[in-house]
Amino acid sequence: MSSRELMLGRIRAALGDTGPPAGIPRDYRRGDQVADLDLLVHRLEDYKAVVHRGVSIAETVAALAPAPLIVPPGIDPAWLPDGVEVLRDEGLSADTLAVAGGVLTAATVAVAETGTIVLDGSPDQGRRIISLLPDLHICVVRADQVVASVPEALTRLDPHRPLTWISGPSATSDIELNRVEGVHGPRRLHVILTEAPS
């Protein structure tokens, strides 16, 4: 008998003949809440992200973007300012991504309550690696993509897609609880929150 079979046997014995658990209600906190954009901004800033609101996307990208700027293949061309060196990610190597000045992506959904942005690997968001290796991540979030709570966000997500959940720049703490940024992703996160429809 393998260790796995032994463990599963013990679990079955502990559960007895009760059968599968009863259905879990999933109707909590959905649909009737209005997403609070100010709360999203507050949460993002609390996580040390910089939020730009009511600005031109291309002008903001031009002001922020060091060269080269990595972009996924499906990014909106109107977001790309003239004069910024752009590398489209069509399989760029990890070494190229690691030394890039930054990355520009769109988002799938943002959660006001938690200050979380979710990417799902769509063409305007690209591979997960491009949002992790460059030191700067510029993420464009439309106001109609903001929801109030995590349960609402889950209804907009496809669980079969590669989901990346971002709550501020990458940060961790060392053994003395000193905050260290940039260990597991970009040290700097700039969010452009726009009212413009897609």
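For reference, positions follow the sequence shown, starting with 1.
Put simply, CG on D135 and CZ on R187 are 4.0 Å apart, with the number rounded to the nearest 0.5 Å. The CZ atom of R12 sits 10.0 Å away from atom CE of M7, with the distance rounded to the nearest 0.5 Å. Distance check: T105 OG1 to D89 CG gives 11.5 Å after rounding to the nearest 0.5 Å. Rounded to the nearest 0.5 angstrom, E85 CD and L80 CG are separated by 12.5 Å. Once rounded to the nearest 0.5 Å, the distance linking CD1 of I130 with NE2 of H137 reads 7.5 Å.
Electrostatic pairing of D38 and R53 counts as a salt bridge here, judged by a charged N lying under 4.0 Å from a carboxylate O.
In E59, the CD atom is not crowded: 12 or fewer heavy atoms of neighbouring residues, nucleotides or ligands sit closer than 6.0 Å.
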(message) Between L193 and V146, does the side chain to side chain contact (heavy atoms under 4.5 Å, CB included) criterion hold? Intermediate values first, please.
(response) CA-CA 10 Å; L193 182 57; V146 180; 4.2 Å; yes

(request) Starting from the C-alpha separation in whole Å, work towards a yes-or-no answer on side chain to side chain contact (heavy atoms under 4.5 Å, CB included) for D76 and D124. (result) CA-CA 7 Å; D76 185 339; D124 58 357; over 6 Å; no

(request) For L163 and T108, run side chain to side chain contact (heavy atoms under 4.5 Å, CB included): C-alpha distance rounded to whole Å, both residues' side-chain angles, the deciding distance at 0.1 Å, then the answer. (result) CA-CA 9 Å; L163 302 177; T108 297; over 6 Å; no

(request) Go through the steps to decide whether I166 and C139 satisfy the test side chain to side chain contact (heavy atoms under 4.5 Å, CB included), and finish with yes or no. (result) CA-CA 10 Å; I166 303 166; C139 187; 5.8 Å; no

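Note: the hydrophobic cluster containing L157 also contains V111 (ILVMFWY, side chain heavy atoms under 4.5 Å, direct or indirect links). L44 and L39 are not part of a single hydrophobic cluster, where members link through side-chain heavy atoms under 4.5 Å apart. Both I57 and L136 belong to a single network of hydrophobic side chains, linked directly or stepwise wherever heavy atoms of I, L, V, M, F, W or Y lie under 4.5 Å apart. Note: the hydrophobic cluster containing L69 also contains W79 (ILVMFWY, side chain heavy atoms under 4.5 Å, direct or indirect links). Follow the hydrophobic side-chain contacts under 4.5 Å out from L64 and you reach V86 in the same cluster.
Of the possible polar contacts, none joining the R128 side chain to the G121 backbone as a donor-acceptor pair under 3.5 Å is found. Listed for the Q125 side chain is a donor-acceptor partner under 3.5 Å among the backbone atoms of D120. Using a distance-only test at 3.5 Å, with no hydrogens or angles considered, a donor-acceptor pair links the side chain of Y47 to the main chain of T114. With hydrogens and angles disregarded, a donor-acceptor distance shorter than 3.5 Å links the side chain of R127 to the backbone of L92. With hydrogens and angles ignored, the 3.5 Å screen pairs a side-chain donor or acceptor of S93 with a backbone N or O of T96.
Across all non-hydrogen atoms, the minimal contact from P134 to L97 is CG-O, 3.6 Å. Between Q145 and R156, the closest heavy-atom pair is CA-NH1, 3.6 Å. Smallest separation of non-hydrogen atoms from L104 and I75: O-CD1, 3.7 Å. In plain terms, the two heavy atoms of A148 and A35 that are nearest each other are N-CB, 3.9 Å. Across P81 and V84, no two heavy atoms sit closer than the pair CG-CG2, 3.5 Å. In terms of heavy-atom proximity, P72 sits nearest to P123 at CB-O, 3.3 Å.
Side-chain contact between V103 and L133 is absent, with no heavy atoms from C-beta onward closer than 4.5 Å. Looking at heavy atoms from C-beta onward, T116 lies in side-chain contact with S167 at the 4.5 angstrom threshold. For the pair E152 and V109, the minimum side-chain heavy-atom distance is 4.5 Å or more.
Applying the side chain to side chain contact (heavy atoms under 4.5 Å, CB included) test between V141 and each of V191, V51, L37 identifies V191 as the sole match.
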